[in-house]
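Everything below concerns the one structure shown next.
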Protein chains: 2
Amino acid sequence: MKTATINDVAKQAGVSKKTVSRVINNEANVSEEMRAKVQKAIIDTGFKRNPLGMALAKNRSLFIALLTDNPSPGYLMKLQKGILQGCTEEHMGLFLYDCSYYSNSLLKEIEEFIDNTLVDGFVLAPPICDKLELLEMLNRKNIQYIRIGPSYKNQGEFVGLNYHKASYDVASYLIRLNHKRIGYVKGHPDEESSFIKEAGFKQALTDNKIELEDNLMAQGYYTYQSGKDAAALLLNKTPRPTAIFASNDEMAAGVLYEAQSRGIKVPQELSICGIDDISITTKVFPNITTYRHPLVNIGYRAAVLLINRLKNKQNSAPQGDSKNNEIFDGELVIRDSTAQLK
Amino acid sequence: MKTATINDVAKQAGVSKKTVSRVINNEANVSEEMRAKVQKAIIDTGFKRNPLGMALAKNRSLFIALLTDNPSPGYLMKLQKGILQGCTEEHMGLFLYDCSYYSNSLLKEIEEFIDNTLVDGFVLAPPICDKLELLEMLNRKNIQYIRIGPSYKNQGEFVGLNYHKASYDVASYLIRLNHKRIGYVKGHPDEESSFIKEAGFKQALTDNKIELEDNLMAQGYYTYQSGKDAAALLLNKTPRPTAIFASNDEMAAGVLYEAQSRGIKVPQELSICGIDDISITTKVFPNITTYRHPLVNIGYRAAVLLINRLKNKQNSAPQGDSKNNEIFDGELVIRDSTAQLK
DNA sequence: GTTTTGTTTGACACCGGTGTCAAATTGTGT
DNA sequence: ACACAATTTGACACCGGTGTCAAACAAAAC
C-alpha cells in the first residue's frame with residue numbers, strides 16, 4: 001500500500017534513480033527513448049514524488065503561507081478562497097498564519113513559524129503587507145513574498161485593486177445622485193490603500209467642483225466598530241451629511257448600524273456606500289451599494305504568481321527583480337443603501 | 001547564516017548525532033551529563049530541528065490541515081482562529097484545504113492533497129465532518145482526524161457544542177417571553193447537528209406543553225439564503241408566527257432580512273434568534289439574540305487534541321481507539337432581536 | 001582514422017534527521 | 001573476583017529525493 005518511490009521506478013524501468021529524477025523534473029538532455037521508458041514505469045508503479053524528500057534535497061519546500069492579521073472576516077474569506085484555488089491548481093499546500101500587527105514580538109513569531117514549517121513563500125494580506133520591518137526581514141532571509149495591496153515603498157511584487165478609480169467612481173456616483181455633503185470615513189492610517197482611496201475621493205469632489213469640507217472627513221480603521229464610531233461623529237454634524245462613503249464595506253456596515261440605531265432612514269435620509277463587496281453588504285438591510293473588489297481573483301493571481309516564481313527561481317535571485325504587478329479594476333455595484341437626493 | 005544542523009551540534013558537544021537526536025526527542029537512557037552538554041551546544045549553535053528531515057526519517061510530517069467546505073464565513077473564521085492558536089502553540093503549521101461536499105471527485109482531490117503535502121492529520125469542519133466515505137478513506141490511509149461536531153456514527157473523536165442544550169435553552173427563552181407560535185428553521189439534512197438541535201427545540205416545546213405545529217417547521221441548509229427562503233415561507237402563514245428560531249445565526253440573519261424587507265418590525269412584531277454567536281449577529285440592526293458557541297475554544301481544543309495524538313502515536317494504532325471527545329456548553333446571549341410578547 | 005566536442009547516463013555523496021544494533025560502560029549478584 | 005544484566009553511547013544504513021562529476025557514447029572536425 002505504500003506509494004512507490006523513485007527507486008521503485010528506477011528498478012522497474014531498468015535505469016538509475018538520477019535518470020528518473022531527470023524525467024520527473026523535465027530536464028533537458030534525456031533521450032526520447034529513456035523518457036518514454038521512465039514515464040511508463042512511473043505510470044505502472046503509480047509513483048508520486050515525495051515533496052518532503054524533494055524539499056530536503058533542494059532546500060526549498062515550495063510550501064507557501066498566507067500571512068494575515070485580522071481584518072474583516074468577509075474580506076479574508078474571499079481572499080483566502082482565491083489563494084486556495086491557485087494553490088490547489090498548482091498542487092501546492094497552503095499554510096495559514098495569523099499574527100497581530102502590533103505585537104512587538106511579531107517578527108520573532110514569524111521567524112519561528114518559518115523555522116517550524118520551512119515555507120519559502122508568503123502571500124501578505126493587508127495590513128501586514130505594509131509592515132516594512134517584516135518585508136525587510138523576509139528579504140534578508142531570502143523568502144519570497146507577494147503583497148495583496150497597492151504599491152508600497154517599492155517593496156516586492158503586488159496584486160491589487162485600483163483603489164483610486166474605486167473611490168473616485170463611488171464618490172462620482174454619489175455626486176450624480178445629487179449629494180454634496182458627503183461624509184468620508186478614512187481607512188487605517190498605517191495602510192497605503194487608505195491614502196490612495198482618499199485621493200480618489202478628493203479628486204472626484206474637485207472634478208465636480210464640490211468643496212472639500214474637512215469636518216466631513218472622519219478617521220476609520222477599516223473595522224466595523226471604527227465605522228460605527230466615525231458615523232456617530234459625522235451624524236452629529238449640522239447640517240447632517242446626506243451621504244456617507246466609508247472606504248471599506250466593514251465600516252460601511254458600521255455606519256449603517258449607527259444610522260439605524262438613531263432612527264435615520266437609509267437610504268431615504270442617508271445614503272451609505274463602501275468598497276469591497278464583501279458578503280455582509282448583501283446580508284444587512286438594506287443591501288449596501290459598493291464597489292466590487294475581485295478578491296477571489298486577486299488571491300488566485302497572487303498565489304499563482306508566487307508559486308511560479310518559486311518554481312522558476314532555481315538560483316535565489318533577490319526579491320522583486322522582475323515586478324509583475326497586477327492591478328485589477330472593479331465595478332460599481334448599486335444596491336439599496338443609496339438614493340437620489342431630491 | 002544557515003541554521004545549525006544536528007551535525008553541528010554533535011561536533012560542538014563532541015558527541016554523536018544520535019545522542020543529539022536523543023536529547024531533542026527527550027528519549028530515556030541519556031545520562032544527565034550528556035543531556036546537559038548537548039543542551040548547551042544546542043543553545044550555543046542556535047540549533048532548530050529541521051521538520052522536513054524529521055518528517056522524512058519518521059515518515060510522519062506532523063503537519064495537519066483544516067478541511068473545510070464552505071459554510072458561513074463568520075463560523076469558519078472563528079473556528080479557524082482557534083485551530084490556528086492551537087497549532088501555533090504546538091509549533092505546528094496548519095494547512096488549509098477547501099473542498100466541496102457534493103463534488104464527486106471529492107475523495108480523489110483529497111487524496112491528491114494528502115500526496116502533495118503529506119499531512120498526517122485533519123481537522124474536519126462541518127459539514128464535511130459528516131461525510132462517511134471520507135472518514136472511511138482516512139481510516140484506510142491511517143490518517144488521523146478529529147471532527148468538529150457532534151457524535152456521528154461512532155466515527156473518530158470530536159469536539160463540539162452541546163447542541164441539544166443550546167436549542168433547548170433558546171426555545172425555552174422564547175417561551176418565557178410568552179411566544180407560543182414559534183417558527184423553526186431546520187439545519188442541513190445531511191448534518192448530524194441538525195437533528196440534535198431539532199430534538200432540543202421539540203423537547204422544550206413538550207416540556208412547556210406547547211403543541212408542535214408541523215407547518216411552523218421549515219427546512220433550511222445553514223446558509224443565509226436558505227434562512228431567507230424559510231422565513232418567506234413561515235411569514236406567509238396565518239396567523240403569523242410571533243417568533244422564528246433559526247438553527248444557526250447565518251440563517252437567522254436571513255430571517256431578519258426577510259422580515260425587514262416585508263416591513264415587519266423586529267423585535268416588536270417578530271422575535272428572531274439563532275445559534276452560534278458569529279460576528280454577523282452584532283453587525284445587523286437589531287443585534288441578534290443567540291446562543292454562544294465557543295468556536296474559538298473548540299477549534300483550539302481540536303487542534304491540540306489532534307496534535308498530541310500525532311505526537312504520541314509512535315506506533316500507528318487504529319483511529320479512535322481512545323475517544324477523548326469534548327463537549328462544550330455555551331450560553332444564551334440576549335440581544336435586541338427578541339422581545340416579550342404582550 | 002584519429003582527435004575534439006557534445007550529449008546521455010549512472011555512481012556516489014548529500015540534504016537533516018531517525019532506527020537498528022552492536023560496542024562500551026556501568027551496576028548487580030554470588 | 002567473576003559472570004551476567006542493564007544502561008549508555010556511537011557507527012552505520014536509511015528515509016526519498018537532487019547535485020556533482022566522470023564515464024560512455026555519439027557526432028563533428030581535423
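Protein chains get the first letters and strands the later ones, always in sequence-line order, with residue 1 at the start of each.
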Below 3.5 Å between N/O atoms, which protein atoms pair up with nucleotides 24-27 of chain D? Just atom names and distances, please.
none

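Across all strands, A/Asn50 comes closer than 4.0 Å only to sugar-phosphate atoms, never to a base (heavy-atom distances). Residue contacts for B/Asn7: at a heavy-atom cut-off of 4.0 Å it reaches no nucleic acid atom on any strand shown.
Here salt bridge (charged side-chain N to carboxylate O under 4.0 Å, His left out) pairs that include residues 120-133 of chain A, with residues two or more places apart or in two chains, are A/Asp130-A/Arg147.
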Scan nucleotides 9-14 of chain C nucleotide by nucleotide, 5' to 3', and note B when protein non-hydrogen atoms come under 4.0 Å of the base, S if they reach only the sugar-phosphate, - if neither. BBB---
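Here the closest non-hydrogen pair linking B/Ala65 and B/Phe113 is CB-CE2, 3.7 Å.
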Extract all donor-acceptor atom pairs below 3.5 Å that involve side chains of residues 98-107 of chain B and protein atoms in other chains or at least two apart in sequence.
{"unit_1": "B/Asp98", "atom_1": "OD1", "unit_2": "B/Thr68", "atom_2": "OG1", "d": "2.8"}
{"unit_1": "B/Tyr102", "atom_1": "OH", "unit_2": "B/His188", "atom_2": "NE2", "d": "3.4"}
{"unit_1": "B/Tyr102", "atom_1": "OH", "unit_2": "B/Asp190", "atom_2": "OD2", "d": "2.8"}
{"unit_1": "B/Ser103", "atom_1": "OG", "unit_2": "B/Ser105", "atom_2": "N", "d": "3.2"}
{"unit_1": "B/Ser103", "atom_1": "OG", "unit_2": "B/Ser105", "atom_2": "OG", "d": "3.2"}
{"unit_1": "B/Ser103", "atom_1": "OG", "unit_2": "B/Leu106", "atom_2": "N", "d": "3.4"}
{"unit_1": "B/Ser103", "atom_1": "OG", "unit_2": "B/Glu109", "atom_2": "OE2", "d": "3.4"}
{"unit_1": "B/Ser105", "atom_1": "OG", "unit_2": "B/Glu109", "atom_2": "OE2", "d": "2.6"}

Exercise answer: donor-acceptor pairs, residues 26-36 of chain B side-chain atoms, under 3.5 Å, sequence neighbours excluded:
{"unit_1": "B/Ser31", "atom_1": "OG", "unit_2": "B/Met34", "atom_2": "N", "d": "3.3"}
{"unit_1": "B/Arg35", "atom_1": "NH2", "unit_2": "B/Glu27", "atom_2": "O", "d": "3.1"}

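Under the side chain to side chain contact (heavy atoms under 4.5 Å, CB included) criterion, B/Val296 pairs with B/Lys78, B/Gln85, sequence neighbours left out.
The interatomic distance linking B/Lys58 (NZ) with C/dT20 (C1') rounds to 15 Å, in whole Å.
Aromatic ring centres of B/Phe95 and A/Phe63: separated by under 6.0 Å.
Using a 3.5 Å distance cut-off with no hydrogens or angles, the side chains of A/Tyr152 and A/Glu191 do not pair a donor with an acceptor.
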